[in-house]
Structure formats: structure tokens, C-alpha cells
Asker: 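Below is one structure. I have some questions about it.
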Amino acid sequence: MQLCYRLFLLLSSLSLAGCSTVPHNVKDHFYDYHNLTTALHALTEECSTLFEAYSIGHTYEGREITAIKITRKTNQVLNKPGILAIFAEHAGEEETTSLAMGIMQYLIDKYPVDESISSLLGKTELWIVPMMNPDGVDYDLSGAVEPFTWRKNRRSTGTVTYGVDLNRNWGCPFEMQPSAGTGKRFSQKSSPNYAGDRPFSEPETRAVRDLLLAHRNIKILLDYHMGSAGFMQGAVGCSKGRGLRKGIHPRIDAFCNSFVDRFAENISDPQDSRPGFLVMSREGAAVLLRQRVPFYMRPFVPSILFQEPGTAVNYAYDQLNMPAIGIEMFRDSSFFKNLHDGQKRLTENQVRGILLLLNILAS
Ligand SMILES: [Zn+2]
């Protein structure tokens with residue numbers, strides 16, 4: 001299929017980096033909005049039996065936010081259970097968009113030759129939002145700032161301040177008032193974590209929320225992030241919120257507990273000595289992190305990790321009663337030394353996790 005070839009070319013171009021640090025011309029290696037749009041168009045035009053593109057809204061600066069539905073089309077109208085995976089909610093985490101494209105390429109390659117994939121996609125839907133924050137991504141890659149550093153969208157919030165942290169802008173619980181614990185992190189417009197002036201003030205968060213609300217057959221949310229904190233290679237799922245909100249959905253908690261260990265095992269990188277992990281609460285995360293970080297860093301890991309408010313995972317779990325997993329992947333300077341291998345391993349690891357969850361939904 002020509003599309004697959006074209007997509008392969010684009011993905012292959014990501015492999016040209018042999019640099020030891022962040023590549024000079026990052027646009028040659030990572031998708032900006034224009035390249036993504038071109039690639040998605042080719043994908044849906046030429047693999048139309050499997051892929052369907054939906055415009056789910058427009059960003060603050062007017063770029064279209066696209067969701068791809070991946071499923072085997074049948075004549076019957078079936079209410080197939082699905083997963084929604086969102087990528088690049090934070091702008092400077094462009095590797096996650098490459099991961100989204102890698103996952104789709106994997107499915108294109110396997111679909112005609114692997115009966116289990118074809119059968120799985122006959123029974124389930126995988127929804128992918130490959131770039132939730134294209135305004136932020138384009139700014140991050142524009143040369144105006146150091147690449148991989150801009151986090152927020154590009155809303156003008158004052159005379160010299162821009163951007164809302166989309167992953168603090170969801171409701172439940174939404175916080176923007178200064179507090180003793182968090183200072184002005186969520187309220188100050190210049191802060192990388194500025195939450196906006198109200199929940200869902202941003203068109204990007206509204207677009208993904210409305211996608212979830214309109215497709216209640218979507219049963220699991222996956223929110224992919226990329227960080228440089230090496231010990232965070234893992235996922236925190238089914239967030240139990242704070243204080244009185246703990247364990248508000250026992251049925252969902254039990255469902256999550258039934259797959260949590262297998263999911264962690266599946267997303268583990270076989271070449272990394274730190275296995276992937278999935279924890280079901282921030283308290284559990286703190287215990288795990290303290291075991292994983294180097295000895296000298298242990299005093300800096302708090303006994304209970306702060307439960308960040310306004311995240312997609314919190315909203316999906318608390319309000320929509322669905323398992324929701326934030327997946328934190330790892331990047332350090334060595335990641336850029338061999339982008340092709342790094343990105344390939346990320347994709348392979350995360351594809352295993354997604355297939356496991358789709359299989360659980362299909363059974
Ligand atoms: Zn992030």
C-alpha cells in the first residue's frame with residue numbers, strides 16, 4: 001500500500017539522527033502540525049478499511065485537532081468497546097506523537113498478515129489523538145524556545161504571558177487558587193502549570209472531553225507523556241483522587257487491579273533494567289519511586305506524591321467512571337543518540353500494552 005510506504009518514509013526520516021544531544025533541526029526528526037496533517041491524510045486515504053479521521057475541534061490558534069478511529073469496518077453496527085489514547089497533551093513531548101504514528105504503522109503492517117490483529121480490530125476500536133496540543137508543539141519546534149521545553153498551549157493570558165497547562169485544565173478537582181502546598185503553581189500565568197481561569201477553559205481539553213462524552217463505548221483512557229525523570233518510567237492509573245474521593249469506583253478499581261500487573265509487564269522495556277510499573281495510587285507510586293531512584297535521591301521523594309489536580313486521568317476516572325492510565329515514558333540525552341532505536345523500542349513496548357488492553361476488552 002502506497003500510504004504505508006509514504007508513512008514509512010516519514011518514519012524512516014526520524015532515524016537519520018546520529019547526534020549525541022537534541023538534534024539541530026528538530027523538525028526533520030519530529031512531527032510538527034504540518035507534517036502530521038500530511039501523514040494522517042495519507043494514512044486515512046490509503047488505509048481506509050482500517051482508519052477513519054475525525055475533526056474533534058480546533059485549537060486556540062485555529063489548528064484542527066484530529067482523532068483517528070482504528071477498527072475493522074463491518075456491515076453490522078456494533079457497539080465495540082474501545083480505548084482512547086492521547087498524545088502530546090504537553091507540547092514539548094513530541095516523541096509521543098511519533099509513538100502514536102509508530103503504533104498506527106505497526107497496525108498497518110500487521111493487519112493484513114496477522115489474523116489475531118485483524119480479529120481484535122473487528123471486535124474493538126482504538127481511538128488515537130496523535131497531537132492534542134498542536135499550537136504548543138509548533139511553538140516548541142519553532143526555534144523561539146529550546147525544543148522540548150514548552151509545555152502549555154498558546155492562549156494569550158496577558159500582555160506577556162501565554163499558555164495554559166492542558167493537563168491541569170480538566171475538571172475534577174480543578175485548582176487554580178494559590179495554596180500553602182502548591183504556592184502559585186496553578187494560578188500564576190507565567191507558571192508552566194497554569195491551570196487556566198476555569199475548568200475546560202481551553203478548546204483542546206474540551207475537544208477531547210467531548211470525544212469521550214460522545215463515545216461512551218470508549219472504556220479506557222491512556223494519556224501518554226514523556227519526561228526526563230528516569231525513575232518515572234511507568235504509569236499511574238485509575239487515579240483515586242484525594243481525601244474523601246479515594247476509591248469512589250470500587251468496580252473500576254477491581255477491574256484495573258485485574259490487569260495492572262500484566263499491563264506493567266507488557267510496557268516494560270526488555271533492554272532497561274528498570275521494569276515498567278503501574279501503580280494504582282500516588283501513595284503506592286511514592287513507595288515504588290523511593291525504591292527505584294539512586295540512594296542519594298531518596299530523601300527528595302516525598303512519602304505521598306502530590307496528587308496533581310485537573311488532569312485527564314482524574315477526570316476520566318472520577319467523572320466518567322472509566323479506567324484511566326497516565327503513562328510516563330523516559331527520555332535522557334542518550335535517547336537522542338539513536339532516535340530510531342529509541343523510538344522503535346518505545347513503540348514496541350507500548351504496542352504490547354495497548355494490545356493487552358484491547359484483548360481484555362474483546363474478551
Ligand atoms: Zn507531559
Side-chain angles (χ1 to χ4, degrees), residues 22 26 30-33 36 59-60 65 84-103 128-141 145-155 162-170 174-175 182 185-186 191-196 200 202 204-205 207-209 221-239 267 276-279 282 285 289 305-317 324-332 335-336 342-343 346-347 349-350 353:
V22 176
V26 287
F30 293 96
Y31 289 92
D32 62 6
Y33 174 71
L36 178 73
T59 64
Y60 177 78
I65 305 170
L84 171 64
I86 57 178
F87 301 82
E89 182 174 17
H90 287 143
E93 299 172 13
E94 285 88 354
E95 303 95 328
T96 62
T97 295
S98 302
L99 168 62
M101 300 306 282
I103 290 167
I128 288 185
V129 176
M131 191 182 282
M132 181 179 164
N133 181 8
D135 293 356
V137 167
D138 273 13
Y139 180 70
D140 187 65
L141 297 179
V145 286
E146 186 74 17
F148 308 106
T149 60
W150 185 259
R151 176 182 175 94
K152 302 186 282 185
N153 73 353
R154 289 297 295 164
R155 171 179 291 282
Y162 291 88
V164 169
D165 182 347
L166 298 180
N167 206 30
R168 300 295 180 274
N169 186 243
W170 296 68
F174 175 81
E175 284 185 18
T182 62
R185 202 152 62 84
F186 306 126
S191 161
N193 289 124
Y194 176 56
F200 297 109
E202 302 314 295
E204 295 89 346
T205 43
V208 179
R209 175 200 62 186
L221 173 70
L222 302 176
D223 186 7
Y224 287 89
H225 291 263
M226 190 70 162
S228 52
F231 51 81
M232 279 297 284
Q233 179 152 311
V236 178
C238 307
S239 174
I267 64 169
F277 61 91
L278 177 63
V279 288
R282 291 283 173 175
L289 292 189
L305 286 184
F306 181 69
Q307 179 71 53
E308 291 290 290
T311 65
V313 163
N314 269 343
Y315 175 80
Y317 173 76
I325 302 172
I327 296 155
E328 192 77 35
M329 299 176 297
F330 175 52
R331 160 219 291 159
D332 64 8
F335 181 83
F336 295 106
Q343 203 67 62
L346 274 189
T347 302
N349 299 338
Q350 298 304 332

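Start at 1 and go down the list; that is how both ligands and their atoms are numbered.
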Asker: With distance as the sole criterion, is a donor-acceptor pair present between the side chains of E202 and W170 under 3.5 Å?
Answerer: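 Looking only at side-chain atoms, W170 and E202 do not form any donor-acceptor pair under 3.5 Å.
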
Asker: On a heavy-atom basis, which atom in A312 and which in I86 lie closest, and how many Å separate them?
Answerer: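 Where A312 meets I86 most closely, the heavy atoms are CB-CD1, 4.3 Å.
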
Asker: Using a distance threshold of 2.8 Å, what protein N/O/S atoms lie below it relative to the Zn ion (ligand 1)?
Answerer: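 Less than 2.8 Å away from the Zn ion (ligand 1) sit H90 ND1, E93 OE1, E93 OE2, H225 ND1.
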
Asker: Measure from the ring center of F200 to the ring center of F174 and say whether it is less than 6.0 Å.
Answerer: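 Here the rings of F174 and F200 have centres that are no less than 6.0 Å from each other.
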
Asker: Using distance alone, with no hydrogens and no angle criterion, decide if N133 and E204 have a side-chain donor and acceptor under 3.5 Å apart.
Answerer: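 Short answer, no.
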
Asker: Under the ring-ring contact (aromatic ring centres under 6.0 Å, His included) rule, what do Y162 and Y139 come out as? Steps first, then yes or no, please.
Answerer: CA-CA 11 Å; Y162 291 88; Y139 180 70; 7.6 Å; no

Asker: Do the side-chain N and O atoms of N153 and D135 include a donor-acceptor pair separated by under 3.5 angstrom?
Answerer: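 Side-chain D/A pair, N153 to D135: absent.
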
